[in-house]
2 protein chains.
Amino acid sequence: MTPTRCQEIIEAIGQAGDVEAIHGVCADLTRECGFEQFIYAASVPTSFVKPSLIIISGYAREWREHYNNQHYMGVDPTVAWCAHNILPLNWVHLEADAHGNPQLNQFMSDARDFGLSSGVSFPIHTAQGDSAMLSLASPEQHGKAQPRIVEAMPYGQLFTAYLHETVRRVFADQMLPVSRADLTPREQECLLWVTEGKTTWETSQILNISERTVTFHLQNTVEKLGVVNRQQAVARAVAMGIIRPQYN
Amino acid sequence: MTPTRCQEIIEAIGQAGDVEAIHGVCADLTRECGFEQFIYAASVPTSFVKPSLIIISGYAREWREHYNNQHYMGVDPTVAWCAHNILPLNWVHLEADAHGNPQLNQFMSDARDFGLSSGVSFPIHTAQGDSAMLSLASPEQHGKAQPRIVEAMPYGQLFTAYLHETVRRVFADQMLPVSRADLTPREQECLLWVTEGKTTWETSQILNISERTVTFHLQNTVEKLGVVNRQQAVARAVAMGIIRPQYN
DNA sequence: CCGCCAACTGTAGGATCCTACAGTTACCCT
DNA sequence: AGGGTAACTGTAGGATCCTACAGTTGGCGG
């Protein structure tokens, strides 16, 4: 792939304005990289127990149905990898794990039946706590597909980032309901010290205000974040990147 | 850059075993991409107020000193960008922001004096809450440098990910002190429901155990994480990725 | 068999948080 | 001048958390 072509694809990703357009540009870049099927999945931590998922599938519909029926999301090694890692996963490395894991073996055998033999998965994590993955797959044997996977590595990683950025724009309403901007500076400050384990009184001493005022700001924070108490506010704020390292 | 050369560099990054080796491989890839200086910086959220930084600098020593003396980390637009974004930052886009911001203008003018005129910064964020950036810079004018920047985009993004992975390995002792594995399944479960805003009693009902037992597990959690109370435990756990979306 | 450890449970007092009450002050923009 | 909003403060009762006390049970490996 030439740098120019790469820039064109990035451009196209940036201009996609709805799900269909995103699907289209994904299909294009999948073909361009020499693969046949793709799937993009994003996870937004609106809740830790039940996160919302945004899936744009270029996999066979039958496979998606089978996948859901079998609850394969809990088995799928690409999902597990991308949830924890930042490096691309070449599916050739999954073979070894499958030995002695009948569940995983079954999954991979089923996947092969639907044309998902070789491929590569790209994870992406944001500072706001949401994450996504893009998988590019082909029915080729692992050996034959390696040159294509190696070549796709740099581009796939970059495309995934741009893709996720576009999804965040298009699905803005389904993403987390508030941003850092919705909390006032004082509210952020109070919340920051709470995440550091300070009590209301300690925080009031640090900020040179009354204990009551700290409580007041934290109350507002809890309400703005749409949560029920401090610990949930802390969880939400950290997951969303509202509270982040201070560079002074 | 050929796919083969790209793979070789990735290989080299993976084999680096200490700071000097990482510095060396960074210098190599910087040259390979057509740039002159680099800097890698990682931030580990051991504390939200005072995160630990790991910096591997291929910038001029004098610039680093000036940068620290002027407390430029709070001004540096590449740091601000990489803290929040997932896409590469082409420095050419910073020009517009500098107008009407004397502090930023001063910073960029100073940077130019040290051979940092054009360049690109690559952010990376992990599921464990730490993040890093790699900047590649050149003394060339923006216009002249564009082809090099465009070409470096995909590779830089990928190298940054591998680089950060290596740093996490080499600096393992300076990274976060505990991993998910250090909390027992029950402890993770209790913590999960706390992050969802459940009270001790509610959690006990969900898990079908006594209120006292939930308190017990959470006590252990607080102790293992080395924090002082529940909110800090929640913050730490979320920042570290111990608590993450459940796929069921 | 014994030690280790995860999981579990009870009581009780003091610390802290949550909620609902009811305001004041200062700044910015229209 | 009036509206909006951030920041600020007080009281008080009930809910919840924290801590220190003192244990039991079951599984696993040496």
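Nothing here was measured: the structure is a model prediction, and the numbers come from that model. Each chain gets a letter, A, B and so on, in the order the sequences are listed, and its residues count up from 1.
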> Between CD1 of B:Ile124 and CD of B:Gln157, what distance do you get to the nearest 0.5 Å?
Replying inline: 6.5 Å

>> Among residues at least two apart in sequence or on other chains, which ones pass side chain to side chain donor-acceptor pair (under 3.5 Å) with A:Gln231?
In response: none

> Taking only residues two or more places apart in sequence or in another chain, which ones pass ring-ring contact (aromatic ring centres under 6.0 Å, His included) with A:Phe216?
Replying inline: none

>> Over the length of the helix from C:dC1-D:dG30 to C:dT30-D:dA1, how much do the five-pair end axes diverge, rounded to 10 degrees?
In response: 60°

> Base, sugar-phosphate, or nothing for B:Ser210, non-hydrogen atoms under 4.0 angstrom?
Replying inline: sugar-phosphate

> Are B:Thr215 and B:Thr200 linked by a side-chain donor-acceptor pair shorter than 3.5 Å?
Replying inline: no

> Would you say B:Glu95 has more than 12 foreign heavy atoms packed within less than 6.0 Å of its CD?
Replying inline: yes

> Nearest-Å distance, CG (B:Leu183) to C1' (C:dC5)?
Replying inline: 15 Å

> Taking everything shown except A:Gln70 itself, do over 12 heavy atoms lie less than 6.0 Å from its CD?
Replying inline: yes

> With B:Phe107, which residues qualify under ring-ring contact (aromatic ring centres under 6.0 Å, His included), at least two apart?
Replying inline: B:Trp63, B:Tyr72

> In whole angstroms, how far is the C1' atom of C:dC5 from the CD atom of B:Glu187?
Replying inline: 11 Å

> Can you list every salt bridge (charged side-chain N to carboxylate O under 4.0 Å, His left out) pair that touches residues 189-211 of chain B, not counting sequence neighbours?
Replying inline: B:Arg186-B:Glu189

>> Walk along nucleotides 17-26 of chain C from 5' to 3' and tag each nucleotide B, S or - by protein heavy-atom contact under 4.0 Å, base first, then sugar-phosphate.
In response: SSBBB-----

>> Tell me the interatomic distance from A:Asn208, atom CG, to D:dC8, atom C1', rounded to whole angstroms.
In response: 13 Å

>> Looking at C:dC5, I'd like to know if its phosphate oxygens (OP1 or OP2) sit under 4.0 Å from a side-chain N or O belonging to B:Thr184.
In response: no

> Can you tell me if the side-chain N/O atoms of A:His217 get under 4.0 Å from OP1 or OP2 in D:dA6?
Replying inline: no

